[in-house]
Amino acid sequence: MSINEPVILSVETATRPGSVCVTRGATLLASRTGDVGVSQSNLLLDQIGEGLDEAGIALRDVEFFAVACGPGSFTGIRIGIATVKSFAATLGRNTIGIQTLHAIAYGAGESPCTIASIPAGRGELYAQRLSVSNSGAVTPLSSAVHVAPAALLHEASATRKLAWAGEGARIHLEEIKARAQAEGIPFGMTENQTPRTNDSEQWTIVTGPSTLAVSIARMAVSRVNADAVCLPEELRAIYVRPSDAEMTRPC
């Protein structure tokens with residue numbers, strides 16, 4: 001195996017619409033983004049096959065399998081992890097689980113403090129504070145939480161220099177902008193991967209296209225080179241909250 005430039009198949013089914021990619025080290029060979037109107041269970045295998053064909057890579061040539069392990073869609077996470085486990089176990093490969101919110105912060109670029117968020121259903125969000133170094137190292141500044149947008153904004157008001165990333169931020173852009181203005185904090189928008197380490201106070205919404213599977217793949221390379229991989233049976237989902245079925249189950 002070429003550890004410095006491993007061939008990695010990355011799968012992200014935790015968010016809408018999901019994505020897959022094939023990389024060799026830092027080089028992107030192929031990527032696919034799903035359709036929010038079509039179940040990921042119907043698209044995923046076709047997307048993987050198309051991506052491998054475009055990359056000129058056979059499934060047996062994949063050296064590591066990476067996957068978004070949550071939080072996110074309960075069904076989506078299970079589909080992604082089950083698919084990766086099946087491939088890896090069959091081929092005798094190792095796996096890398098990347099937390100969804102960490103990948104979102106990574107894709108948004110260098111920042112001393114980023115709130116990454118995605119919809120959690122019923123108007124609520126999964127969110128987490130993270131920092132991203134200029135080398136791409138992602139460091140948690142808080143635990144991932146399941147939270148109402150209003151509560152997240154209230155808690156964020158104490159931080160005057162902050163990047164907001166992910167679908168949750170884009171959905172609640174107007175509320176974030178209004179809260180920044182109410183707190184007297186400058187507000188702006190920027191593209192992914194733009195450094196935000198200057199000393200000026202500002203809340204920034206990070207916009208622009210970002211294929212989450214690509215961020216997962218690039219984070220996975222660092223894990224491979226640090227030997228921070230796991231066997232397929234060791235891969236675990238991160239749900240943050242119980243599923244609706246669990247919360248409504250009779251005692």
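Worth knowing before you read on, the calculation uses all heavy atoms, side chains too, and leaves out hydrogens, waters and symmetry mates.
- Residues Ile98 and Val67 are not in side-chain contact: their nearest non-hydrogen atoms beyond the backbone lie 4.5 Å or more apart.
- In this structure the side chain of Phe65 never reaches within 4.5 angstrom of the side chain of Val11, judged on heavy atoms.
- A side-chain donor from one of Thr114 and Ser111 sits under 3.5 Å from a side-chain acceptor of the other.
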CA sep, side-chain torsions, deciding dist, call: Thr83, Leu45, side chain to side chain contact (heavy atoms under 4.5 Å, CB included) = CA-CA 9 Å; Thr83 301; Leu45 293 179; 4.2 Å; yes
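- For the residue pair Arg129 / Thr159, a side-chain donor-acceptor distance below 3.5 Å is found, with atom types taken as modelled.
- There is a side-chain donor-acceptor pair under 3.5 Å between Thr204 and Gln202.
- Contact check on Arg16 versus Glu167 returns a salt bridge, with a Lys/Arg side-chain nitrogen under 4.0 Å from an Asp/Glu carboxylate oxygen.
- In plain terms, the two heavy atoms of Pro112 and Leu141 that are nearest each other are O-CD1, 3.7 Å.
- Checked by atom type and distance alone, the side chain of Glu63 pairs as donor or acceptor with a backbone atom of Val7 at under 3.5 Å.
- Checked by atom type and distance alone, the side chain of Thr100 pairs as donor or acceptor with a backbone atom of Gly70 at under 3.5 Å.
- Proximity of a side-chain donor or acceptor of Ser117 to a complementary backbone N or O of Ala169 within less than 3.5 Å is detected.
- Remark: the backbone N or O of Ser142 is paired with a side-chain donor or acceptor of Gln128 at under 3.5 angstrom.
- Rounding to the nearest 0.5 angstrom, the gap separating the CD1 atom in Ile115 from the CG atom in Leu101 is 11.0 Å.
- Counting only heavy atoms from C-beta outward, the side chains of Val84 and Leu235 approach each other to under 4.5 Å.
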request  = Go through the steps for Trp203 and Ile176 under the test side chain to side chain contact (heavy atoms under 4.5 Å, CB included), then give the verdict.
outcome  = CA-CA 8 Å; Trp203 278 11; Ile176 294 170; 3.8 Å; yes
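- By the 30° and 60° cut-offs, the orientation of the rings of Tyr239 relative to Phe74 is parallel.
- Within the structure, every pair that satisfies the salt bridge (charged side-chain N to carboxylate O under 4.0 Å, His left out) test and touches residues 50-62, not counting sequence neighbours, is listed here: Arg32-Glu50, Arg32-Glu54.
- Taking all atoms of both residues into account, the shortest heavy-atom contact from Ala55 to Val22 is CB-CG1, 3.9 Å.
- More than 12 heavy atoms of other shown residues, nucleotides or ligands fall within 6.0 angstrom of atom CZ in Arg160.
- Residues Pro140 and His102 form a side-chain contact, since some pair of their non-hydrogen atoms from C-beta on lies under 4.5 Å apart.
- Counting heavy atoms from C-beta outward, Ile81 and Cys69 have side chains that approach closer than 4.5 Å.
- Rounding to the nearest 0.5 Å places NZ of Lys85 at 13.0 Å from OG1 of Thr90.
- Proximity of a side-chain donor or acceptor of Glu12 to a complementary backbone N or O of Ala14 within less than 3.5 Å is detected.
- In this structure a side-chain-to-backbone donor-acceptor pair under 3.5 Å is missing from Thr27 to Thr23.
- Counting heavy atoms from C-beta on, the side chains of Leu44 and Val20 come closer than 4.5 Å.
- Ile171 contributes atom CD1, which lies 10.0 Å from atom CD1 of Ile118 (distance to the nearest 0.5 angstrom).
- Looking at Cys21 and Leu28, their side chains come closer than 4.5 Å, going by heavy atoms from C-beta outward.
- At least one donor-acceptor pair closer than 3.5 Å links the side chain of Thr13 to the backbone N or O of Gly80.
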Derivation of the side chain to side chain contact (heavy atoms under 4.5 Å, CB included) call for Leu130 and Ile104 = CA-CA 10 Å; Leu130 308 115; Ile104 289 170; over 6 Å; no
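- Judged by distance alone, with hydrogens and angles left aside, the side-chain atoms of Arg170 form no donor-acceptor pair with the main-chain N or O of Thr207 at under 3.5 Å.
- Side-chain contact annotation: Ser133 with Ser135, donor-acceptor N/O pair under 3.5 Å present.
- Pairs passing the salt bridge (charged side-chain N to carboxylate O under 4.0 Å, His left out) check and including a residue from residues 174-189, sequence neighbours excluded, read Arg179-Glu183.
- Put simply, the side chain of Phe64 does not reach to within 4.5 Å of the side chain of Thr95, judged on heavy atoms.
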